[in-house]
Amino acid sequence: MHGHKGISESEFYMWRAVFSFTFVDNVLSLEEQELLQSYLAKVPFSKDQLETLKDDMRDPHKDVVGFYRKITNPEDKKRFCVLARAIVWCEGDMDAQEKAILKKVSCLSEPEEEEIFHSTRNHPHINTY
């Protein structure tokens, strides 16, 4: 059951960025759909947050960089990077993976974001997502 309070604003923008990240190429694979559905069911979003996410999915041309910039908690930024890496799984080819992510989320190459992005390169959770 989804709570009234929901999750923090920072974490919510992290999820909005993740969802919009999956839609950037206008192709949503079956695996991505299943992944997003499982998060919708597991994360304790508020009713309003859930509605916003569903709106985002109906109009998938949202600004992933804009959402990412509203993530205030460094841990949420790191989690976004780990999830993006899991979504853009490139059979262990980190350079190809990073190029694919940076094409969609250009701000991750900015000095203050680059450190967070690179710190997730070998994150243990990438394989579990």
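The shortest side-chain heavy-atom distance between S106 and V65 falls under the 4.5 Å cut-off. By the 4.5 Å heavy-atom criterion applied to side chains, T52 and F12 are counted as neighbours. The shortest side-chain heavy-atom distance between F21 and I101 falls under the 4.5 Å cut-off.
Residues meeting the side-chain contact (heavy atoms from CB on, under 4.5 Å) test with E9, sequence neighbours left out: Y13. Applying the side-chain contact (heavy atoms from CB on, under 4.5 Å) test to S8 and every residue at least two apart in sequence or in another chain returns S10, E11, D76. Among residues two or more places apart in sequence or in another chain, the side-chain hydrogen bond (donor to acceptor under 3.5 Å, both in side chains) test is passed with E110 by R69. Among residues two or more places apart in sequence or in another chain, the ring-ring contact (aromatic ring centres under 6.0 Å, His included) test is passed with Y68 by F80. Remark: D48 engages S46 in a side-chain contact (heavy atoms from CB on, under 4.5 Å) (not counting sequence neighbours). Remark: E75 engages N73, K78 in a side-chain contact (heavy atoms from CB on, under 4.5 Å) (not counting sequence neighbours).
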Residues I116, C81; criterion side-chain contact (heavy atoms from CB on, under 4.5 Å); working and verdict: CA-CA 8 Å; I116 289 173; C81 293; 4.2 Å; yes
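Between atom CG of residue L102 and atom CD of residue E113 there is a gap of 11.5 Å, rounded to the nearest 0.5 Å. Note that CZ of F117 is 9.0 Å distant from CD of E114, once rounded to the nearest 0.5 Å. In this structure, the separation between NZ on K54 and CG on D56 is 12.5 Å, given to the nearest 0.5 Å.
Counting only distance, with no hydrogens or angles, the side chain of Q49 and the backbone of I7 share a donor-acceptor pair below 3.5 Å.
Heavy atoms only, all atoms of each residue included: M14 and I71 are closest at CA-CD1, 3.5 Å. Of all heavy-atom pairs between W15 and V43, the closest is CZ2-CG2, 3.6 Å. Nearest heavy-atom pair across F45 and Y39 is CE1-O, 3.8 Å.
T120 and R85 share a side-chain donor-acceptor pair at under 3.5 Å.
Enclosure of atom CD in E112 by more than 12 non-hydrogen atoms of other residues, nucleotides or ligands within 6.0 angstrom is indicated.
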